[in-house]
Amino acid sequence: MEVSYEARATRIQHETSRRRTFAIISHPDAGKTTLTEKLLLYTGALHLAGAVRARKNQRAVTSDWMAVERERGISITSTVLQFEYGDYLLNLLDTPGHEDFSEDTYRTLMAVDSAIMVLDGAKGIEPQTKKLFDVCRMRTTPILTFINKMDRPALEPLALLDEIESSLKIKAVPMNWPIGDGPSFVGVYDLVNKQVLRFERTAHGQEKSAIIKSELPDPTLENLLGEVAYEQLCEDVELLSIAGASFDLDGYRNGELTPVFFGSALSNFGIEPFLSALVDFAPPPQPRFSDNQQIQPTSPDFSGFIFKMQANMDPKHRDRVAFLRVCSGRFHKGMAVRSVSSPRETTLDRAYRVFGQERETIEEAFPGDVVGIVNPGLFSIGDTLYTSSPVRFDAVPTFQPEHFAILHNRDVAKYKQFYKGLEQLEEEGAIQVFFPVENIRREPILAAVGVLQFDVVCSRLETEYNVQASIESLAFVHARRISADAETISQIQWPSTGTMRVHDRAGQQIALFASNWTLKYTQERNPGVSFREFGLITTTD
């Protein structure tokens with residue numbers, strides 16, 4: 001039976017309103033992965049912390065699923081985790097914390113409607129946190145702050161709030177207050193509902209912590225903390241009730257203030273109230289700009305954009321998955337779409353809900369959802385897909401490389417596997433691949449934001465393509481795209497040393513420079529040539 005236009009519109013509006021699509025940003029080791037796991041625990045996606053609920057058995061947490069991630073104990077690629085909490089459906093885009101993989105994080109932040117900023121209570125604002133916060137600010141992304149590790153020695157809560165405001169230039173509004181300090185941390189005081197929330201510890205934080213609620217004054221709490229600490233808590237609460245800033249939902253959603261929660265992800269202290277605030281405060285999917293017009297998420301016409309590629313998520317099939325953020329309308333399996341880069345229709349027959357490395361076939365998705373679609377080589381990062389009038393969303397940024405190296409194939413008999421693997425890894429956007437203009441050997445040159453990317457390329461070539469490769473670092477520090485007519489380019493005056501001419505797969509000529517001096521010299525000697533930087537964002541901004 002055909003569904004009426006009004007019924008379709010009503011369903012799209014309902015499904016959109018219950019979705020929350022967000023990312024978690026932090027400096028490495030602030031506790032992002034632990035918080036991610038505990039959010040899954042409290043929403044029921046995990047039976048025990050460390051084991052994902054499956055149909056017939058238990059599996060390890062899948063946000064860090066690649067072999068190289070497990071070996072190094074770090075997140076190096078973004079993953080998507082979808083789970084329900086009450087009437088809400090949450091899409092968590094888990095991002096790498098290490099700065100060498102920040103370009104993946106930047107692209108992922110374009111696909112979310114809000115973000116959680118995790119801070120280490122002992123360290124406050126750290127460099128990578130500030131960089132990622134600045135990216136969120138560029139897009140006016142609302143941010144909730146979770147100050148983690150309060151069960152360890154930490155900075156004074158007021159000092160942490162002051163640092164957020166002074167370093168990030170955003171108003172910090174505490175929503176709760178830590179009770180106790182370090183090993184004596186027993187819970188938080190809910191400043192909104194004026195309640196004491198004490199948490200019971202569980203074995204290794206594997207299960208939800210029971211909450212004991214009370215009000216101040218609380219003799220039991222005084223016995224737990226001791227007279228001095230208890231009186232300090234009462235004084236802090238009274239001071240905040242008089243002089244503390246009040247929370248304003250519109251201010252948060254406009255990026256003017258961040259609500260701040262204290263807790264400990266490891267011991268589950270403060271997780272449940274934080275999760276409740278997330279679904280209450282975070283906005284549902286928001287409108288997107290396309291050629292100076294807003295595309296409303298509740299529009300009946302489907303649109304979405306690809307923000308990530310991932311090769312070999314399923315080693316058995318060696319497929320490439322494109323991550324599509326649904327922006328408007330209803331996505332359904334088998335639908336025919338067009339893209340700005342390729343006007344011919346493409347039928348999306350294979351579509352998946354992704355949970356880390358795991359995936360299951362889906363029939364439909366709505367604004368805010370991230371759909372994994374098998375890419376037959378037609379799509380690339382930044383493509384906008386649509387079904388009706390052409391849509392072109394904001395460009396997904398490219399990045400200014402800062403490190404360069406020659407990639408050596410150590411087994412020439414595996415020439416095809418080497419270049420196939422390199423091409424697919426480049427498609428993911430983590431590295432850029434150049435080829436020397438004046439080198440007979442034509443060995444590829446890798447360019448990346450962080451040197452750790454080179455190790456990852458070699459590791460993945462070995463584990464995913466059975467190819468042995470090695471890296472030879474190059475002493476270049478700048479890359480510039482060359483723009484001029486062919487004759488002018490052929491007559492460029494180069495320094496005697498310290499430069500290399502390369503080109504990318506599209507044939508765009510690029511110059512590598514070993515120093516600021518060689519770059520400036522070349523620019524001054526060749527005023528008719530444009531030497532352009534690569535990206536919209538650089539890691540040194």
Side-chain angles (χ1 to χ4, degrees), residues 20 24 30-53 58 60-61 81 83-88 90 92 116 118-121 144-154 157 174-226 229-230 232-234 236-237 240 259-282:
R20 302 291 185 269
I24 301 180
K32 177 180 65 66
T33 299
T34 304
L35 179 61
T36 297
E37 183 181 68
K38 297 312 173 70
L39 292 178
L40 297 177
L41 174 67
Y42 273 82
T43 57
L46 289 185
H47 179 59
L48 292 174
V52 176
R53 179 176 295 164
Q58 301 298 324
V61 171
L81 306 168
F83 44 95
E84 292 192 78
Y85 182 62
D87 294 331
Y88 296 93
L90 308 183
L92 167 55
I116 295 171
V118 181
L119 304 180
D120 185 325
L144 279 83
T145 298
F146 185 81
I147 298 182
N148 193 25
K149 302 185 181 182
M150 295 306 295
D151 55 342
R152 303 179 184 180
M175 308 302 290
N176 63 22
W177 204 248
I179 300 175
D181 174 66
S184 64
F185 177 60
V186 295
V188 296
Y189 181 80
D190 184 338
L191 292 165
V192 177
N193 297 307
K194 303 186 185 310
Q195 281 188 320
V196 171
L197 305 178
R198 284 193 290 123
F199 301 94
E200 292 187 350
R201 297 181 184 273
T202 63
H204 308 295
Q206 286 188 320
E207 297 178 340
K208 297 180 183 179
S209 298
I211 301 177
I212 302 170
K213 297 182 179 180
S214 61
E215 298 179 355
L216 292 178
D218 181 349
T220 303
L221 188 60
E222 183 175 5
N223 291 334
L224 279 173
L225 295 178
Y230 178 74
Q232 182 63 54
L233 171 66
C234 293
D236 289 344
V237 168
L240 290 166
V260 178
F261 297 80
F262 294 87
S264 167
L266 187 65
S267 60
N268 301 336
F269 286 15
I271 301 297
E272 191 167 359
F274 179 72
L275 180 57
S276 297
L278 171 65
V279 296
D280 288 341
F281 298 165

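Note that the structure is a prediction, hence the values are computed from the model and not measured.
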(message) Are more than 12 heavy atoms, taken from residues, nucleotides or ligands other than Gln232, located less than 6.0 Å from that residue's CD atom?
(response)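 More than 12 heavy atoms, drawn from other residues, nucleotides or ligands, come within 6.0 Å of this atom.
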
(message) Is it the case that atom CG in Asp87 sees more than 12 heavy atoms from other parts of the structure closer than 6.0 Å?
(response)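 Result for CG/Asp87: open.
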
Would you say the side-chain atoms of [X] pair up with the backbone N or O of [Y], donor to acceptor, closer than 3.5 Å?
X: Asn268; Y: Glu207; result: yes
X: Ser214; Y: Gln195; result: no
X: Tyr230; Y: Asp218; result: yes
X: Lys38; Y: Ala265; result: yes
X: Arg152; Y: Gly182; result: no
X: Thr36; Y: Lys32; result: yes
X: Arg198; Y: Val186; result: no

(request) Locate the shortest heavy-atom distance separating Asp151 from Ser267; write the atom from each residue and the value. (result)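 In terms of heavy atoms, the two residues are closest at OD2-OG, 3.9 Å.
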
(request) Identify the heavy atoms of Ser264 and Met150 that sit nearest to each other, and give their distance. (result) CB-N, 4.4 Å

(request) Determine, step by step, whether Val196 and Lys213 satisfy the side chain to side chain contact (heavy atoms under 4.5 Å, CB included) criterion, reporting the C-alpha distance in whole Å, the side-chain angles of both residues, the deciding distance to 0.1 Å, and the verdict. (result) CA-CA 5 Å; Val196 171; Lys213 297 182 179 180; over 6 Å; no

Check: [Y] and [X] side chains under 4.5 Å, non-hydrogen atoms:
X: Ile24; Y: Thr33; result: no
X: Pro178; Y: Phe269; result: no
X: Leu233; Y: Leu221; result: yes
X: Pro174; Y: Leu191; result: yes
X: Leu197; Y: Asn176; result: no
X: Ser209; Y: Glu200; result: no
X: Phe274; Y: Leu144; result: yes

How far does [atom1] of [X] sit from [atom2] of [Y], to the nearest 0.5 angstrom?
X: Asp236; Y: Trp177; atom1: CG; atom2: CH2; value: 6.0 Å
X: Leu240; Y: Tyr189; atom1: CG; atom2: OH; value: 10.0 Å
X: Ile179; Y: Leu216; atom1: CD1; atom2: CG; value: 7.0 Å
X: Ile116; Y: Leu92; atom1: CD1; atom2: CG; value: 7.0 Å
X: Thr145; Y: Phe262; atom1: OG1; atom2: CZ; value: 9.5 Å
X: Glu37; Y: Leu266; atom1: CD; atom2: CG; value: 9.5 Å

(request) Please assess Val188 against Phe199 for the test side chain to side chain contact (heavy atoms under 4.5 Å, CB included), listing each intermediate value before the final yes or no. (result) CA-CA 8 Å; Val188 296; Phe199 301 94; 4.0 Å; yes

(request) Output, in order, the C-alpha distance, side-chain angles, deciding distance and verdict of side chain to side chain contact (heavy atoms under 4.5 Å, CB included) for Lys208 and Ile271. (result) CA-CA 9 Å; Lys208 297 180 183 179; Ile271 301 297; over 6 Å; no

(request) Starting from the C-alpha separation in whole Å, work towards a yes-or-no answer on side chain to side chain contact (heavy atoms under 4.5 Å, CB included) for Asn148 and Leu35. (result) CA-CA 9 Å; Asn148 193 25; Leu35 179 61; 5.8 Å; no

(message) Check the orientation of Phe281 and Phe261. Use parallel for under 30°, tilted for 30 to 60°, and perpendicular for over 60°.
(response) tilted

